[in-house]
Amino acid sequence: MTEPLIELRDITFTYPGAARPVFQDFNFQLLPGKHLGLVGPNGSGKTTMLHLIMGLLRPQAGKVVIFGREVSKERNFVEVRRQVGLLFQNADDQLFCPTVLEDVAFGPLNQGKSPAEAVGIARMTMLQLGLEGFEDRVTYKLSGGEKKLVSLATVLAMQPKILLLDEPTTGLDDQTRRRLIRILKDLEISYLIVSHEHEFLEHTVKECCHVHSTFCETLPITPGGVGL
Amino acid sequence: MTEPLIELRDITFTYPGAARPVFQDFNFQLLPGKHLGLVGPNGSGKTTMLHLIMGLLRPQAGKVVIFGREVSKERNFVEVRRQVGLLFQNADDQLFCPTVLEDVAFGPLNQGKSPAEAVGIARMTMLQLGLEGFEDRVTYKLSGGEKKLVSLATVLAMQPKILLLDEPTTGLDDQTRRRLIRILKDLEISYLIVSHEHEFLEHTVKECCHVHSTFCETLPITPGGVGL
Amino acid sequence: MHISEGVLSPAVLAGGAGLAVLGTAMGLKKMDYEAIPRVAILSAAFFVASLIHVPVGPVGLHLVLNGLMGLLLGWAAVPAILIALFLQALLFQFGGLTVLGANTVIMALPAVVCFYLFRPLLRRPNPASAIGAFACGFTAILLSGLLVAAFLMGTGQAFVKVAQLAVLAHIPVMFIEGVITLFIFLFLKKVRPEMLEGIYA
Amino acid sequence: MSPIQEPFSEGGSLLHRLDPRGKVVVAALFSVLMAVATSFVTLLGGLALALIWLALGRLGLKKALGRLLLVNSFIVFLWFVLPFTYPGESLVKVGPLTASREGIAFTGLITLKSNTIIIGLMALVATAPVVTLGQAMHSLRLPDKLCHLLLFTYRYLHVFELEYQRLSQAMKIRGFQPRTNIHTYRSYAYLAAMLLVRSYDRADRVFQAMVCRGFHGVFYSLKTFSWQRRDSVFLAVSLLTLALCLYMEIEGANLL
Ligand SMILES: Nc1ncnc2c1ncn2[C@@H]1O[C@H](COP(=O)(O)OP(=O)(O)OP(=O)(O)O)[C@@H](O)[C@H]1O
Ligand SMILES: Nc1ncnc2c1ncn2[C@@H]1O[C@H](COP(=O)(O)OP(=O)(O)OP(=O)(O)O)[C@@H](O)[C@H]1O
Ligand SMILES: [Mg+2]
Ligand SMILES: [Mg+2]
């Protein structure tokens with residue numbers, strides 16, 4: 001049996017002050033090489049789950065196991081964040097540097113790369129996403145679709161082994177959406193996509209995981225309706 | 001021929017400092033009793049068009065005609081804004097008063113109503129939207145869906161003859177979305193909805209207008225894909 | 001740095017309150033009703049930005065940014081700072097009602113001085129404006145430190161040593177604020193140069 | 001979680017139900033009186049009064065003490081300096097330094113003063129939500145613009161706080177770890193600058209929304225307060241007690 005890349009074991013999580021837990025003894029696995037969709041109604045805890053994986057939230061009980069190693073301390077999560085990239089739902093939350101190049105190079109710099117190396121990686125990632133020529137554009141003034149692609153570049157520049165995408169298509173027009181599908185198809189790493197858009201998932205993943213508060217049911221995706 | 005409620009005639013508009021115009025000799029009409037969707041890719045100028053109608057932006061050339069009268073001065077737009085309500089994309093921009101009741105009563109007070117009248121109108125509007133009991137809630141503590149509905153109440157409390165809605169569904173969950181659809185169906189005034197969500201438009205409008213920089217093409221909405 | 005309640009003498013408290021009232025009145029006069037949302041929203045952002053802790057060796061310092069506030073808001077920075085300090089007293093119990101005036105003067109007087117001193121510099125081309133931005137952050141904290149010392153010394157001879165140490169404690173903050181103000185300035189210049197034109201002078 | 005909270009403002013105690021205008025007036029008089037007091041007797045009286053208020057407000061001693069510890073940093077700093085620099089009869093020796101009796105008494109007085117005022121503030125002012133306080137200040141005839149400035153600032157504090165949290169999470173997941181270096185300062189400066197730029201544009205949009213709803217330079221306030229018997233009683237009792245404190249202050253020397 002192959003070892004899962006990401007595993008959540010018997011996780012219980014309640015937001016401070018909330019009446020009931022989002023997850024109760026929740027289990028989840030992402031196997032190597034898999035492209036998985038994550039679906040579920042609003043408030044079912046999809047975003048919460050991604051934040052638990054990244055260590056932005058900590059479970060009250062249960063284990064987060066990444067690449068076979070249990071992580072629980074901030075120190076360990078720092079390591080996790082080098083290898084797992086998260087694309088936030090809102091691109092505005094992800095971009096804070098004045099220019100695109102600075103923003104894309106921010107991650108590599110934090111990983112200890114020299115400025116020259118970081119700029120090199122940033123340029124390469126942007127080339128890969130078809131963003132050449134954007135280096136000196138002001139991130140704040142990009143259009144919604146451009147912001148989304150640049151956010152993706154900032155995450156990919158960290159050369160993650162796993163990519164988590166939180167509703168990557170909200171507010172995007174059809175053209176940008178198609179471009180995103182092409183980019184995701186070309187990626188060689190495992191990824192997990194949260195999305196309410198069935199059509200987008202059909203193009204990008206083979207299986208969908210339905211999130212409930214205690215478990216997560218994986219079903220193959222079927223055209224015309226998420227299997228269930 | 002019935003006179004259009006809103007008409008844009010040969011409008012040319014460029015943002016200060018922008019390289020190319022958003023609109024060039026652009027024409028648009030909203031006929032009485034119509035419920036119209038407004039679609040187009042990101043950056044095609046949908047929000048800009050709504051702001052031109054409200055006089056928040058002024059065109060470099062062309063005419064804005066509302067209820068058959070050309071409007072061009074701030075003084076005239078003050079009158080327009082009594083009769084045309086605009087729901088902003090982001091509810092946090094629209095709710096700026098400390099409590100819900102004050103926020104909903106803000107418009108009527110500015111229209112010269114006495115505090116007692118204004119409170120009466122505010123309570124009635126809130127009842128109509130199923131928001132009774134929210135009067136003394138503090139606006140920043142509302143959930144996303146509640147904020148959206150309260151914003152709608154603040155606009156409806158001004159008893160507008162036309163309603164413009166800028167992407168009213170972003171970030172809403174299905175339940176609030178359905179509630180919004182029901183509310184819009186019960187409204188007796190003309191409205192114009194900007195949205196990227198085809199399904200939402202299917203439930204709320206009969207025709208969609210596709211925005212281009214020089215014209216606007218109106219097509220009936222078809223299930224399963226915006227006609228084109 | 002905040003001065004706590006109960007430290008300053010009545011005369012100094014009254015002096016601080018008097019100055020703060022004058023400054024606030026001036027700021028409110030220069031600010032018409034339409035400016036209220038703009039000044040308020042910007043000062044809310046400043047309030048949140050000042051929650052950022054930057055590490056300096058083993059300790060963390062929180063940002064102050066009163067120089068930048070002066071640059072962007074001019075006289076309107078005085079009521080904005082008064083409100084921010086009032087909110088800090090309410091939400092965190094930092095400072096209090098009687099020292100509100102003195103604390104406002106400590107933060108806001110440097111803001112207004114920086115507005116007059118450095119605003120003209122920022123319009124110049126890059127080396128001059130960048131130096132101006134650094135100097136603005138630096139000077140604002142320097143002046144704040146000196147004002148803290150002045151208020152303490154005004155209270156009594158007993159506070160001379162305390163005042164000296166307070167000024168010393170401001171020295172690292174001066175450099176940090178200078179650097180941070182410089183980077184914020186460069187960011188604004190690139191991203192939203194309109195903001196540097198001053199909203200309400 | 002969010003640092004911007006009003007932990008004391010919620011509750012159903014008598015103190016929470018009192019008219020905020022009365023509480024604000026009493027809090028202001030109390031603070032001033034305590035700030036000018038010079039005798040331990042007055043201050044102890046004040047402290048007793050503040051503790052009674054605290055008990056009336058059922059604020060929870062633990063929560064209140066936690067707050068007090070946090071805000072006493074300046075006082076702690078004073079304890080490290082004042083006793084050793086204040087002239088007077090030497091009392092204890094710590095290394096090369098000598099602390100004077102007068103210095104310790106003086107620092108103690110300041111500590112007592114400071115904490116008494118803060119407890120009073122906590123009990124009287126922090127037990128009303130900021131929004132209600134803003135409205136109360138408005139009806140107490142504080143400048144119109146100032147009250148609206150307070151309400152607006154408070155309204156958007158929360159919006160920016162959430163933005164700040166999301167941006168700092170975004171920095172975290174991209175491997176950012178604060179250290180003492182230029183990269184850290186630049187990144188934090190960008191974060192702050194991004195908040196400012198967004199606030200500037202948000203201000204534009206909020207103003208547009210106001211204009212769309214007919215704003216023409218006048219703010220109306222709908223909030224009305226109802227002054228009740230218990231408010232009169234509270235005001236009368238508080239004023240009497242404060243008068244007593246004032247008497248002790250003036251006659252303090254003779255009483256001792
Ligand atoms: N910061 C928070 N504090 C308290 N409760 C929260 C917080 N964030 C989310 N929740 C609650 O936790 C639950 C799960 O939220 P989460 O954002 O993970 O859902 P989601 O599946 O991502 O939904 P969506 O499809 O709307 O993005 C919801 O009920 C939500 O109201
Ligand atoms: N304040 C501004 N200054 C300069 N250019 C602007 C400004 N606001 C919008 N634009 C530009 O004008 C164009 C039209 O923008 P608008 O916001 O009207 O598009 P939209 O159709 O509403 O898009 P979306 O679907 O993303 O909301 C875009 O190219 C945008 O970049
Ligand atoms: Mg989510
Ligand atoms: Mg738009």
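Small disclaimer: the values here were computed from a predicted structure and weren't measured.
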Let me know if [X] has heavy atoms under 4.5 Å from chain C in its side chain, its backbone, both or neither.
| X | value |
| --- | --- |
| D:P143 | side chain |
| D:L149 | both |
| D:S31 | both |
| D:Y190 | both |
| D:R179 | backbone |
| D:M210 | side chain |
| D:V32 | both |
| D:L151 | neither |

Can you tell me how the ring of D:F219 sits relative to the ring of C:Y33, calling it parallel under 30°, perpendicular over 60° and tilted otherwise?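 Tilted, since the angle between the ring planes falls between 30° and 60°.
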
For chain D, which candidate among C:L13, C:V179, C:I52, C:T24 shows the most heavy-atom pairs at distances under 4.5 Å?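 That would be C:I52.
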
Quick one: of C:L165, C:L188, C:L186, who has the most non-hydrogen atom pairs under 4.5 Å with chain D?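 The residue among C:L165, C:L188, C:L186 with the greatest pair count is C:L165.
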
Given heavy-atom pairs under 4.5 angstrom as the criterion, report whether the side chain, backbone, both or neither of C:L82 touches chain D.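 Side chain only.
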
Ring-face cation of C:K161 near D:F84 (centre distance under 6.0 Å, axis angle within 45°):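 Not satisfied by the 6.0 Å and 45° rule.
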
Determine, for C:R192 against D:D201, whether the closest basic-nitrogen to carboxylate-oxygen distance falls under 4.0 angstrom.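 Salt bridge present between C:R192 and D:D201.
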
Could you please spell out the steps behind the side chain to side chain contact (heavy atoms under 4.5 Å, CB included) verdict for C:F159 and D:L78? CA-CA 9 Å; C:F159 286 100; D:L78 289 185; 4.3 Å; yes

With side chains defined as the heavy atoms from C-beta onward, is the minimum distance between C:I83 and D:Y154 less than 4.5 Å?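 No, every pair of side-chain atoms sits at 4.5 Å or beyond.
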
Would you say D:Y200 and C:L72 make side-chain contact, with heavy atoms under 4.5 Å?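 No, their side chains stay 4.5 Å or more apart.
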
Using modelled atom types only, decide if a donor and an acceptor are shared between the side chain of D:S114 and the backbone of C:E5 within a distance under 3.5 Å.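 A pair under 3.5 Å: yes.
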
